[in-house]
Structure formats: structure tokens, C-alpha cells
Amino acid sequence: MSSLDIARSIAFSGLSATQVQISVASANISNADTKGYTEKTANQSSSVTSGVGTGVTISGITSAVDKLLLKSLVGADSDLGAADTNNNYLTELQQLYGSTSSGDSSTTGTSLANTIAAFESALSSLASTPSSASLQSNAVSALAAVTNQLQQTSSGIQKLRSNADQDIASSVTDINSDLQQISDLNKQIKQEAAAGQSTADLEDQRNSALQDLASQMNVSYFTTSSGDLQVYTGSGQALVDSTAHPLSYTAAPSVTASTTYTAGSATSGFSGITANGVDITSQISSGKVSALIALRDQTLPAAQSQLDELAQQLASSVNAVSNQGTSVPPPTSLTGTATVSNSTSFAGTGTVRIAVADKSGNLVSYQDIDLSAYSTVGALAAKINTIPGVSASVDANGHLSISATGSGNGIAINQMTSSVGGEGFSQYFGLNDLITGTSASNIAVRSDILSGTATLPTATLDASSTLTVGNSVLSSGSATVVNALSIALTGSTNFAMAGGLGATTGSFTDYAAAIVANVAGKASQASATYTSKQAAQSTYASSLSSQSGVNIDQESANLSALQNKYAAASQIITAINSMFSALMTAMSAA
């Protein structure tokens with residue numbers, strides 16, 4: 001080969017290499033804002049034939065990604081995914097509890113504490129005129145507002161748990177998509193590499209899928225010598241090796257306060273997240289899914305248990321007072337809430353007074369019963385049946401029922417010195433309960449009082465040693481029961497440890513305020529954590545972008561230099577062609 005042929009070959013190789021480099025630089029500039037894109041470099045090397053340089057060649061198109069920075073970013077993506085989820089859910093949880101009081105009045109605002117304070121205010125008004133139908137109605141409505149808010153907040157908490165469970169299912173679908181994408185890209189990368197083609201863009205796509213996967217759950221990974229990206233759970237369960245291993249999860253059809261997750265249990269209310277048939281739920285310690293699991297199984301149930309403690313103590317305290325009283329006119333019948341049967345053992349002491357009175361509260365009949373004389377509920381009911389004008393039995397639902405048989409008459413009870421399991425007779429059976437339900441999810445004002453077919457038990461049955469038929473025995477104008485209700489609400493109640501709140505003693509508004517403050521504190525902490533994790537993730541992302549992202553100014557300058565290089569190579573080729581023409585002309589003349 002002549003020296004001119006070699007020169008032309010070198011010039012053409014330079015031209016060809018420059019064309020590739022210009023194409024790569026242009027692609028870099030075009031993709032500068034493409035998420036996950038990294039700067040590509042067309043690597044140039046010399047061509048040597050028989051020890052003589054014959055030009056240049058493009059040996060490959062690569063990108064340089066700092067593996068340590070990428071690993072740090074992947075970890076930050078997991079932390080941010082968890083923090084973002086916690087922040088969103090706890091913000092929603094806080095909103096369930098209503099707004100706190102604004103101004104000097106404790107009854108303004110919509111929080112639980114404000115609603116309870118409004119009930120206390122209604123009782124204070126009623127105490128001045130206990131027999132007022134309108135003031136009684138206001139008090140009932142105020143109490144109903146408390147029980148309704150407890151129910152609605154409880155329902156909202158379970159809705160959030162259901163949402164978290166549904167979001168876990170959606171996240172598992174997204175995870176499976178990422179796993180499959182990584183597996184597919186592994187195969188494409190190996191195929192392109194075997195064909196001598198650039199795999200840099202495919203590797204970018206794979207890294208993006210890895211980062212998206214990490215935002216959903218924490219993973220470990222490494223790249224094999226063959227170019228495969230293998231992905232594992234934190235404890236080593238394979239998610240992507242030679243193939244993708246999809247996760248499996250089934251959302252619960254419905255969620256209540258009793259729905260829980262128990263690993264390995266066939267009766268678990270929530271299913272486990274499985275990979276290769278193995279439950280990996282406990283292996284997910286970060287990312288969106290980890291936060292959803294913690295919210296569903298820990299944070300939100302803790303909030304529910306606090307509400308339940310408030311509801312149970314409220315029902316117990318209010319009912320302890322309401323069972324000391326009776327309404328005027330007295331109700332035709334009283335049906336308990338405690339579940340019993342005729343054979344249920346009964347161990348009571350002291351005396352209870354059961355009376356029949358007419359609509360005006362005048363005595364029709366009565367009897368004081370010594371409870372220690374009866375060992376079963378059936379025997380006690382039989383004794384109550386001996387009172388003139390009274391019928392008592394355990395109904396089909398397992399509740400003690402006491403009714404007046406005479407037209408227009410009703411039943412009134414004074415617990416006197418009675419004690420059954422540490423409670424008065426009426427309270428033990430729940431005969432004059434003002435509140436029904438056993439938790440925040442079902443707490444309610446007794447239906448007949450709420451509907452207006454029965455009135456508040458604000459009166460008391462005369463406790464004199466003897467009563468006279470025809471005399472008034474119901475003290476409708478007394479504020480004794482109403483004042484006792486106020487004291488029960490505003491006095492010191494012992495609240496047990498619940499949902500992270502320590503055992504405490506205080507009023508109901510105090511405890512309700514503590515619940516609201518506890519949730520607000522968690523929401524504030526979640527917001528601060530999110531801000532911190534977002535800043536950390538942004539720092540790692542910026543560092544990786546600075547290291548491997550596109551610098552438009554630098555690429556523009558590089559493109560200008562390459563264009564000059566291309567022009568120079570073109571001029572060289574033109575010069576060589578002229579030399580060839582001159583040589584051919586000279587040879588023809590000779």
C-alpha cells in the first residue's frame with residue numbers, strides 16, 4: 001500500500017470516528033434532561049497494521065457511573081420512599097382528629113377534646129334545670145357528637161389501614177414490573193455485548209429500574225462478570241438472578257380493628273408478602289412497602305387502641321353514673337347489656353330497690369331485694385317477678401329484662417348498697433346504660449334515648465327506708481345525677497397505657513387532648529424525617545449527576561471541537577485526493 005493510500009485510510013478513519021463522536025455528543029445534549037440518562041463517551045483507539053498506524057477506531061460507547069455513589073443513592077431512595085409514605089399517611093391521620101381550639105373557648109375547634117368539652121358545657125347548662133326537655137336534648141346531642149366522632153375517627157383509621165393494605169398490593173405489582181424489567185434488560189445487555197454493540201443506554205435503563213425498585217423496598221445487588229445485575233432481599237432471598245422471581249400478595253377484602261397480620265398463621269387477617277414461596281414480609285425494612293406494613297400493623301393500630309381506651313373509659317364512667325338514676329316518666333321496661341343466662345352464677349351482696357311508678361313518678365309498688373340470697377341470675381329474676389306489677393326474665397339475646405306490666409307504668413331502680421363484681425346492681429347488668437358499645441368503633445348513645453322515645457336518667461328513686469304507695473318517689477328536679485356526670489368527666493380518671501401513651505390520670509378532655517397531641521407529634525416528626533431524607537436523596541442524586549450526568553456547556557464545547565476536527569479531516573482527504581490527481585496526471589504525461 002502506498003503512503004498516500006495509508007494517509008487516506010487514516011483520514012477516512014478519523015472522519016468516521018469523528019462522525020460517531022459527534023453523534024454521541026449530540027445525543028448527550030438532547031438527553032441532558034432525561035431522567036436516569038448518563039453521559040456517554042465514544043472511546044477512540046489507534047488501529048495498527050503490521051506495526052504501522054493505519055488510523056483510529058471507536059472501540060465502544062460507554063458511560064462512567066460511580067458504583068459507590070449509585071449504591072448510596074439506591075439506599076437513599078429506599079429511605080425516601082418510606083419517609084414519603086409515612087408523611088402522607090400521618091398527615092391524613094392527623095386530619096381525622098379535627099382541628100384544635102382557636103381562641104379562649106374550650107368548646108371551639110373540632111378535635112375530640114373540644115367535642116368532649118362541648119358535652120361538659122351542655123351538662124353544666126342542664127344542671128341548672130335538670131327536668132328541661134330541651135336542655136336534656138342538647139346534652140344527648142352533645143354526647144352523641146362525642147360518640148359519633150369516636151366512631152368516625154375509628155372508621156377513618158381502619159380506612160387508612162385498608163388503604164395501606166391496598167397500596168402494598170399496588171407496590172408489589174410495581175416491584176414485579178421492575179424485577180421483570182431488570183431481568184429483561186440483563187438479557188438484552190448480554191446480547192448486545194456479544195454482538196459488539198454499546199450497552200450503555202440499556203445499563204441506564206436498568207439502573208433506573210433498580211432505583212425505582214429500591215424506593216419500594218430495600219434490596220441488595222451486585223453485577224456479575226457476565227454483566228447480569230442480580231438483586232436480593234436484605235436477607236438474601238433471590239429476586240433477580242438468571243430470571244425474575246415475582247412477589248406474591250393478596251390484599252384483604254375488608255379491614256377492621258381486629259384484622260391483624262401473623263407471620264406463618266393460616267388465620268392471619270393479612271397475607272404475607274412471598275417470594276419463591278417464602279414469606280419475606282419481615283425482610284422488608286425500608287422503602288414504601290416497609291412503611292405501609294408498619295403503618296398498617298403498628299402505627300394505626302396504636303392510634304386505634306388510644307381511641308378504644310378513651311371510648312371504654314367514657315362508657316364505663318358515664319354508665320356508672322346513669323345507672324344510679326332513672327328517667328321521668330320511668331321506662332316501661334329496662335333491658336341490660338351484659339350477656340347472661342338463667343344458669344349464670346350470681347354473687348351479689350347488699351340491697352337493691354326495684355319499684356313500679358306511674359308516669360308522674362308516683363309509687364305503685366316496690367321491693368328491696370337482698371342480693372346475697374340468690375346464686376344464679378335465673379333465681380334472681382324469679383325473685384324480681386314476685387314484685388307486684390313486674391315481669392323479669394333473661395331474654396332470647398341473653399340480657400336481663402325487667403318490665404312493668406300495668407298500663408302507663410314504668411320501672412325505676414335504686415342500687416342502694418348493692419354490689420356485684422364491684423359494681424352496683426343496675427350497672428352490672430347494664431340496665432340503665434346511657435352509652436352502648438365496647439370500643440371506639442361501636443360506641444353510641446343508647447338508641448331509645450337518642451331517638452327521643454326515652455329520656456335521660458336524670459332523676460333518682462327515693463332511698464328512704466320505707467316508701468308509701470301513691471307518693472312521688474322520683475326526684476325529677478334534682479341535679480344529683482347531672483352533677484355526678486360532670487364530675488365523672490372533669491374529675492380524675494385512670495387511663496391505662498395504650499398505643500404508646502403511658503398510663504395517666506386526668507379528665508377526659510385531658511386524655512383526648514393527649515391523643516390529639518400524640519398524633520400531631522408523630523405527623524410533625526414524619527414531616528421532618530421526610531424533609532431530611534429528601535435532602536439526603538437529592539444530595540446523592542446531584543453528586544451522581546455531577547459525576548455521570550451531562551454537562552451541557554462541556555458537551556457544547558466538545559461538539560464544537562469535534563466539528564473542527566471533522567472539518568480538518570475533510571480537508572486532509574481533499575488534499576490527498578488532489579495529490580492523487582496530480583500523481584495520475586504526471587504519470588499520464590510520462
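Remember, predicted model here, so these are calculated numbers, not experimental data.
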Check: S343 main-chain N/O paired with T376 side-chain donor or acceptor under 3.5 Å: no
Backbone N/O of G287 and side chain of S290: donor-acceptor pair under 3.5 Å: no
Side-chain touch S125/N138, heavy atoms, less than 4.5 angstrom: no
Check: Y97 and S111 side chains under 4.5 Å, non-hydrogen atoms: no
Candidate pair S131 and V328, rule side chain to side chain contact (heavy atoms under 4.5 Å, CB included), full reasoning: CA-CA 8 Å; S131 59; V328 180; over 6 Å; no
Separation between CZ of R446 and CG of L434, rounded to the nearest 0.5 Å: 7.5 Å
Candidate pair T262 and T267, rule side chain to side chain contact (heavy atoms under 4.5 Å, CB included), full reasoning: CA-CA 8 Å; T262 306; T267 59; over 6 Å; no
Minimum-distance pair of heavy atoms, taken over all atoms of L489 and S507: O-CB, 3.5 Å
Exercise: do T115 and Q149 side chains pair donor with acceptor under 3.5 Å: yes
Side chain Q136, main chain P130, donor-acceptor under 3.5 Å: yes
Closest approach of S365 to P388 (non-hydrogen atoms, all atoms of both residues): OG-O, 2.6 Å
Side-chain H-bond candidate by donor/acceptor type, N432 with S322, under 3.5 Å: no
Modelled atom types, side-chain donor and acceptor of N218 and S286, under 3.5 Å: no
Side-chain (T453) to main-chain (D448) donor-acceptor, under 3.5 angstrom: yes
Given I116, D308, L112, N442, the one that forms side chain to side chain contact (heavy atoms under 4.5 Å, CB included) with L150: L112
Side chain to side chain contact (heavy atoms under 4.5 Å, CB included) assessment of T493 paired with S317: CA-CA 8 Å; T493 298; S317 296; 4.3 Å; yes
Main-chain N/O of S265 paired with S268 side-chain donor or acceptor, under 3.5 Å: no
Side chain to side chain contact (heavy atoms under 4.5 Å, CB included), paired with L295, selected from I293, T299, D297: T299
Aromatic plane relationship, F508 with F495 - under 30° parallel, 30 to 60° tilted, over 60° perpendicular: perpendicular
Heavy-atom pair of closest approach, residues L461 and A412: CD2-O, 3.8 Å
Least distance between heavy atoms, A311 atom then S439 atom: CB-C, 3.8 Å
Check: Y511 and L501 side chains under 4.5 Å, non-hydrogen atoms: yes
Test item: P331 and T326 side chains (from C-beta on) under 4.5 Å apart, heavy atoms: yes
Test item: I411 and P330 side chains (from C-beta on) under 4.5 Å apart, heavy atoms: no
Gap separating the OG atom of S426 from the CD1 atom of I402, nearest 0.5 angstrom: 8.0 Å
Flag, side chain of R353 to backbone of S464, donor-acceptor distance under 3.5 Å: yes
Nearest-0.5 Å distance, CD of residue Q312 to CG of residue L307: 10.5 Å
Aromatic ring pairing F346/Y428, orientation class (parallel under 30°, perpendicular over 60°, tilted between): perpendicular
From CG (N319) to OG1 (T337), nearest 0.5 Å: 7.0 Å
Trace of the side chain to side chain contact (heavy atoms under 4.5 Å, CB included) decision for N518 with K522: CA-CA 6 Å; N518 180 259; K522 289 180 179 178; 3.5 Å; yes
Heavy-atom closest pair, residues A257 and Q158: N-OE1, 3.3 Å
Contact check, side chains of F425 and I354, non-hydrogen atoms, under 4.5 Å: yes
Backbone of S372 reached by a side-chain donor or acceptor of T349 within 3.5 Å: no
Donor on one side chain, acceptor on other, D395 and S401, under 3.5 Å: no
Spacing of L123 atom CG and T458 atom OG1 [to the nearest 0.5 Å]: 11.0 Å
Closest contact, heavy atoms only, Y530 versus L80: CE1-CD1, 3.7 Å
Test applied, side chain to side chain contact (heavy atoms under 4.5 Å, CB included); reference residue, Y249; option that passes from T173, N176, I273: I273
Residue pair T351 / D368, side-chain donor-acceptor N/O under 3.5 Å: no
Pair S154, Q304: side-chain N/O donor-acceptor within cut-off below 3.5 Å: yes
pair L96-L160: side-chain heavy atoms closer than 4.5 Å: yes
Approximate separation, where rounding is to 0.5 Å, of Q415 CD and T460 OG1: 12.0 Å
Q525 versus T529, side-chain donor and acceptor atoms under 3.5 Å: yes
Side-chain H-bond candidate by donor/acceptor type, S403 with S391, under 3.5 Å: no
Whether N362 side chain and D358 backbone form a donor-acceptor pair below 3.5 Å: no
Heavy-atom side-chain contact between I449 and P457 under 4.5 Å: yes
Short side-chain to backbone donor-acceptor contact, S171 and D167, under 3.5 Å: yes
Exercise: do Q216 and D178 side chains pair donor with acceptor under 3.5 Å: no
Candidate list D84, T85, T91, L90, test side chain to side chain contact (heavy atoms under 4.5 Å, CB included), partner N88, passing option: D84
A76 backbone acceptor or donor facing Q537 side chain under 3.5 Å: no
Worked verdict on S341 versus T344 for side chain to side chain donor-acceptor pair (under 3.5 Å): CA-CA 5 Å; S341 69; T344 298; 3.1 Å; yes
